[in-house]
Amino acid sequence: MNPELVIVGVLTSGIRLATPYLYAAIGETFGQRSGVLNLGVDGQMLLGAFAAFYVAFTTGNLWLGLLAAIIVGALMGLAMAFVTVNLQAVQGISGIGFYLFGLGMSELLFKMMLGTVETVKGFPIVSIPFLGDIPFVGKIFFQQNIMVYGAFLLVPLAWFILNKTTLGLKIRAVGENPEAADSLGVSVARIRYFTIILGGILSGLAGASMSIALLNVFQQNMTSGLGFIAVALVYFGAWRAWGVLAGALLFSFVNSIQLWMQVLNVPIPSEIAVMLPYILTIIVLVLTVSRVRPPSALTKPFDRGD
Amino acid sequence: MTEENKLPSGHTRIDSLEMRGITKRFPGVLASDNVNFDVKAGEVHALLGENGAGKSTLMKVLYGLYEPSEGEIFLNGKKITIDSPTDAISHGIGMIHQHFMLVETLTVAENVALGLPSSKGFLTDLDKVSERILELADIYGLKIDPDAYIWQLSVGQQQRVEIIKALYRGAALLILDEPTAVLTPQEVDEFFVIMRQMVADGHGLIFISHKLHEIMNICDRVTILRDGAKVGTRNIADITKSELANWMVGREVSMTRELEKIERGPSRLTLENLSCDNERELPAVKDFSLKVHSGEILGLAGISGNGQRELAEAITGLREIKGGKVLLEDEDITHVRPGEVTERMLSYIPEERMRDGMIKDFTIAENMVLREHHVPPFAEKGFLMLKKIANHSDDLIKKFRVKTPSRETKAGTLSGGNIQKVVLAREISRNPRVLIAAQPTRGLDVGATEYVHEQLLKQRGEGTAIMMISEDLDEVMALSDRIAVICEGELMGIVERADATPQKLGLMMAGENV
């Protein structure tokens, strides 16, 4: 195959594959910056993916599918927030509970409501005028679907919210020293409800991006642990939006390379190729995690003590 | 001042604030019992009492953190309700907490702006905030860089940020909760200058402290609380320091101690050029040498975080020693494991008693034998001798006057003073050769402090070599035969009891060789 075509192919699908990681990991970043570890991302993604697919499949309207994913994600976030903020549950454990709930429930709903693997016609490719016509670069960056563009726009937006707005200041303060924030009249509970629900919505969108924009099917456990990698990416990205972007790209490109290796029949066992991104996660996390300190109040429930 | 009732910061003065009949009940506890308290513009009103006397409760009610069960608050004669810190702030009441309420990873300006509406809507307006910070800093003589991160600042500077934060929010009345506990003597002097300036400008200040000489120095009136109830209010001008102490505790307290003359014995603990690192692998103790003799208390003074904890841990075997030697009498124990250090009769009262000194969820009896649970008489052939443990702990509970329902009570439920008595009992009752006591009275009230001091002196009398690490200069000067000063991990010098003055020690603590 023409080597130029292969390179463009690897890069184009690398960008595409970064999409679900970005939605999920940016959502998780907001949660963790406010002191909440949400390990239920993968479960939220699965339910979001199912909701989006089912609504899009039955109504034929992709936007309604997206709305369904947002609602389901928000509801999952709301439940998570109640358990985390009001009941002050141990976050690592309750998150796994939410993951298992999402995994099981999406499978059950799939069997009850669909039964077989169906497909939808997902979001079409939108070529950006002029930019999309640039040779090479245009094909890679500016001939993608709307969910891909959304994911990449989310990065500067998240950076802006966290660093330039009063809301971002409150989120950062609540994640570092909730007692201090509380003493200045910042409602720790309200901020955490906000970030956890936002995280749920973005996880739902991450799932939707897979089921109605990238793969355009719904299958049981179709995320196969992608949400957990998104959590790891937040650590890798040192709780910063741009760092998360770097991690997501690194990941999706390795993924894209292994997919293309299989397509091109490179003589290594496909099992090894599929393992690559996960081996990379472990290596990268070991090398980077001790570098930056996590938010001080991460995983710690806040209790005013009265 | 342009208008009669305006402060230099531009905010309205609080001429009087009055709390009437404040009662706060918690399940099973009466934390505040019908207390009246008032502050006027231009005065410092001290709130004094032992731990658990209800000072914090009263102030938390005033700052909107607790809702009172009964009682009313009047501001300039008008009744107000304070349901939250936001309410308190909007009425002009600010609070400087004992543990600073600052976000270390944010800048000064960000900490000040936190929670306030911005002039740019949902965007932050840090440049405007910085301007106003500098303006206020100028009025009150508080030097501060708005762009500095909190973690870069010294404790004294962080306190200034807290004050700016309150002034920025329009505080006319400030609650100062043990503001001097973390400061060096020089920083305390600077802080008092700021306090006087604020009072002269018409602010009202509530000053909570355990330190009687500070109250005598800076305050106009003092209110004493005991067991949640008010004992009374007096003008400072009409009362002496020892009257104040007796009045607070409700009995006679000895303020100064004459040390019984004891022949200084041979060196029990020798440190030779000791060096070790902290958690971040930076040098914490550098080339540290000294001797502690039998029958003496060597006080180690220094500002918190200058290597005291690391030094104590290095001696007791809890921290890896990078260079130098530790000798227990003639034996080299430099690289001996902590358990074996214990067996050689070195006792340690750690600074973080809740974390390092005991196991909260164990009973008092279990905590009493933590060090020797595995050796006779408390264990034989691998079995715990529960009867002996029970008798032993009943003995110690009685001897050390630990206030507890029973020996089976979980240690974590006791008050700070009683927890310290449990640790003290365990460490002292084995008649150690050497005792390292780190901040032995931190957070304890006058009565419990007095008791701990008596016990340390008793050990001294029995020939134990005691190294007492303390940030409280009064304590160091009252109890020590000799005083060593540590600064940034280095020994600044050793001063004989007779030659020690607070000024001299303060300069040494700040890093000057005297």
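Because the structure is a prediction, the values reported are computed rather than measured. Just so it is clear, the values below take in all heavy atoms, side chains as well, and ignore hydrogens, waters and symmetry mates.
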Shortest non-hydrogen contact between Asn111(B) and Leu184(A), atoms and distance
O-CD1, 3.8 Å
As an exercise, state the distance from CG of Asn177(A) to NE2 of His99(B), rounded to the nearest 0.5 Å.
12.0 Å
Below 4.5 Å, heavy atoms only, C-beta onward: do His97(B) and Ser183(A) meet side chain to side chain?
yes
Take Thr105(B) and Arg293(A) through the test side-chain contact (heavy atoms from CB on, under 4.5 Å) and record every step on the way to the result.
CA-CA 10 Å; Thr105(B) 52; Arg293(A) 210 174 46 77; 3.0 Å; yes
With rounding to the nearest 0.5 Å, note down the distance linking CZ in Phe122(B) to OG1 in Thr165(A).
7.5 Å
Got Arg172(A) and Val103(B) here, is their nearest side-chain heavy-atom distance under 4.5 Å?
no
Quick one: does any side-chain atom of Thr124(B) pair with a main-chain N or O of Lys164(A) as donor and acceptor, under 3.5 Å?
yes
Please rank Leu116(B), Asp125(B), Leu102(B) by heavy-atom pairs under 4.5 Å with chain A and give me the top one.
Leu102(B)
Which heavy-atom pair separates Leu114(B) from Ala181(A) by the least distance, and what is that distance?
CD2-CA, 4.1 Å
Counting a contact as any heavy-atom pair under 4.5 Å apart, which residues of residues 152-170 of chain B contact chain A?
Lys165(B), Arg169(B)
Within the supplied structure, the quantity of interest is the number of heavy atoms (other residues, nucleotides, ligands) at a distance under 6.0 Å from Tyr149(B) OH; does it exceed 12?
no
Please check if the number of heavy atoms outside Asp361(B) that lie under 6.0 Å from its CG is greater than 12.
no
Which residues in residues 82-91 of chain B have a heavy atom less than 4.5 Å from any heavy atom of chain A?
Pro85(B), Thr86(B), Ile89(B)
Atom CD1 of Ile146(A) with >12 non-hydrogen neighbours under 6.0 angstrom:
no
Kindly indicate whether the side chain of Glu179(A), heavy atoms from C-beta on, has any atom under 4.5 Å from the side chain of Met101(B).
yes
Search all heavy atoms of Phe160(A) against all heavy atoms of Leu123(B) and return the closest pair with its distance.
CZ-CD2, 3.4 Å
